[in-house]
Engineer: 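Just passing along the structure, written as structure tokens.
What you see below is based on every heavy atom in this structure, not just the backbone, and it leaves out hydrogens, waters and symmetry mates. One-based numbering, in listed order, for ligands and for the atoms of each. Residue numbers count from 1 along this sequence. Keep in mind that what you see is a predicted model, and the values were worked out from it rather than measured.
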Amino acid sequence: MEAEIRAAEQHFGRSPGSVKLLAVSKTFPAEIVRAAIACGQRDFGENYVQEFETKAHALRDAAPCWHFIGPLQSNKTRMVSELADWVHSIDRLKIAQRLDDQRPAASPPLDVCLQVNVSGEASKSGVAPGELPALAEAVAALPRLRLRGLMAIPAPRTDFDAQRRQFARLRGLFEDLTGRGFDLDTLSMGMSGDWQAAVAEGATIIRIGTAVFGERAYRHSA
Ligand SMILES: *Cc1c(COP(=O)(O)O)cnc(C)c1O
């Protein structure tokens, strides 16, 4: 996967090493993650709070960098604020405030991205683009969080140009925020089916599950 990412960086005129692979390990057991760590992979993404807790405890000695990327309910923020290094899926101020309150004093500030609904589907999570500046303003003011950038899960498209247009939309919102003075460095976008288009549009973190670990054998409800 790393070689493919370096090739895509070069193809789309991105600087070498500017795209980071976040290996999405949801549904895969701790021992598979441990093997990936042994191969040099450092960043892992998890979606489900319970599963994340079990895995983080099992891999405490290996200390990978954990990114929480799933939907987060307010009654489950404490564990995430204690065990995660990053949260990509913040779309409401209430969740951000709880993570900020609950972040242990001994830990560095939690790195966060705001999840944006770029496809406009009512069922999708993510803040609406029009509400993004106000949310960014409020989250940036929280002392125990560090606002790093934006994340999106666009509607699946098979056509490369259609994929690119959705990622371009997130990039445009990112540039709008940096233009307003926000100090951001992260565009978390692109999954197994569309990561090349995301790299073309400026992704700095691509979140890849299937293309790294294979097909997921089962699904969680929450
Ligand atoms: C599962 C998941 C991924 C990885 O999806 P793949 O298609 O398996 O690469 C990326 N981001 C989020 C938020 C996910 O839930």
Engineer: Do Glu137 and Phe182 have side chains that get closer than 4.5 Å, going by heavy atoms?
Structural biologist: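 Answer yes - side chains close enough.
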Engineer: Could you tell me, atom by atom, which parts of ligand 1 come under 4.0 Å of a heavy atom of Asn47?
Structural biologist: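 What qualifies from ligand 1 is 14 (C), 15 (O).
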Engineer: Any Lys/Arg nitrogen of Arg180 or Asp176 sitting under 4.0 Å from an Asp/Glu carboxylate oxygen of the other?
Structural biologist: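 Yes, charged N to carboxylate O under 4.0 Å.
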Engineer: Using a strict 4.0 Å cut-off to heavy atoms of Thr210, name the atoms of ligand 1 that fall inside it.
Structural biologist: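 Within the 4.0 Å cut-off of Thr210, ligand 1 contributes 6 (P), 7 (O), 8 (O), 9 (O).
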Engineer: Is the ring pair Trp66/Phe44 parallel, tilted or perpendicular, if the boundaries are 30 and 60 degrees?
Structural biologist: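 Rings of Trp66 and Phe44: tilted, as their planes differ by 30° to 60°.
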Engineer: Hey, which atoms in ligand 1 end up nearer than 4.0 Å to a heavy atom of Ser192?
Structural biologist: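 Those qualifying, in numeric order: 6 (P), 7 (O), 8 (O), 9 (O).
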Engineer: Using every non-hydrogen atom in the two residues, find where Glu51 and Phe28 come nearest and quote the distance to one decimal.
Structural biologist: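 Nearest heavy atoms, Glu51 then Phe28: OE2-N, 4.0 Å.
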Engineer: Regarding Asp100 and Arg144, does a basic nitrogen lie under 4.0 Å from an acidic carboxylate oxygen?
Structural biologist: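 No.
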Engineer: Regarding atom 13 (C) of ligand 1: of the candidates Leu22, Val24, Ile153, which has the closest heavy atom?
Structural biologist: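 The nearest heavy atom belongs to Ile153.
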Engineer: What residue and heavy atom of the protein are closest to atom 5 (O) of ligand 1, and at what distance?
Structural biologist: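 The answer is Met191 CE, 3.5 Å.
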Engineer: Any side-chain heavy atom of Ile5 within less than 4.5 Å of one from Trp195?
Structural biologist: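 They are in side-chain contact.
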Engineer: Going by the order shown, which atoms of ligand 1 are within less than 4.0 Å of some heavy atom of Lys26?
Structural biologist: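 In order of number, 1 (C), 2 (C), 3 (C), 14 (C), 15 (O).
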Engineer: Pull out every atom of ligand 1 sitting under 4.0 Å from any heavy atom of Arg207, numbered as shown with elements.
Structural biologist: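 In order of numbering, the contacting atoms are 4 (C), 9 (O), 10 (C), 11 (N), 12 (C), 13 (C).
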Engineer: Tell me the protein heavy atom at minimum distance from atom 12 (C) of ligand 1, and give that distance in Å.
Structural biologist: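 Scanning the protein heavy atoms, the shortest distance from atom 12 (C) of ligand 1 goes to Ile69 CD1, 3.5 Å.
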Engineer: So is His88 touching ligand 1 or not, going by heavy atoms under 4.0 Å?
Structural biologist: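 The answer is no: ligand 1 sits nowhere under 4.0 Å from a heavy atom of His88.
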Engineer: Could an N or O of ligand 1 be found under 3.5 Å from any N or O of Gly209, whether backbone or side chain?
Structural biologist: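 It does: an N or O of Gly209 is found under 3.5 Å from an N or O of ligand 1.
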Engineer: For ligand 1, which atoms sit closer than 4.0 Å to a heavy atom of Ile208?
Structural biologist: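 Reading through ligand 1 atom by atom, the close ones are 9 (O).
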Engineer: Looking at Val127, Thr186, Val118, Leu114, which one forms a side-chain contact (heavy atoms from CB on, under 4.5 Å) with Leu150?
Structural biologist: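 Single side-chain contact (heavy atoms from CB on, under 4.5 Å) partner of Leu150 among Val127, Thr186, Val118, Leu114: Leu114.
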Engineer: Between Leu170 and Ser188, what is the shortest heavy-atom contact and its length?
Structural biologist: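 Heavy atoms of Leu170 and Ser188 come nearest at CD2-O, 4.4 Å.
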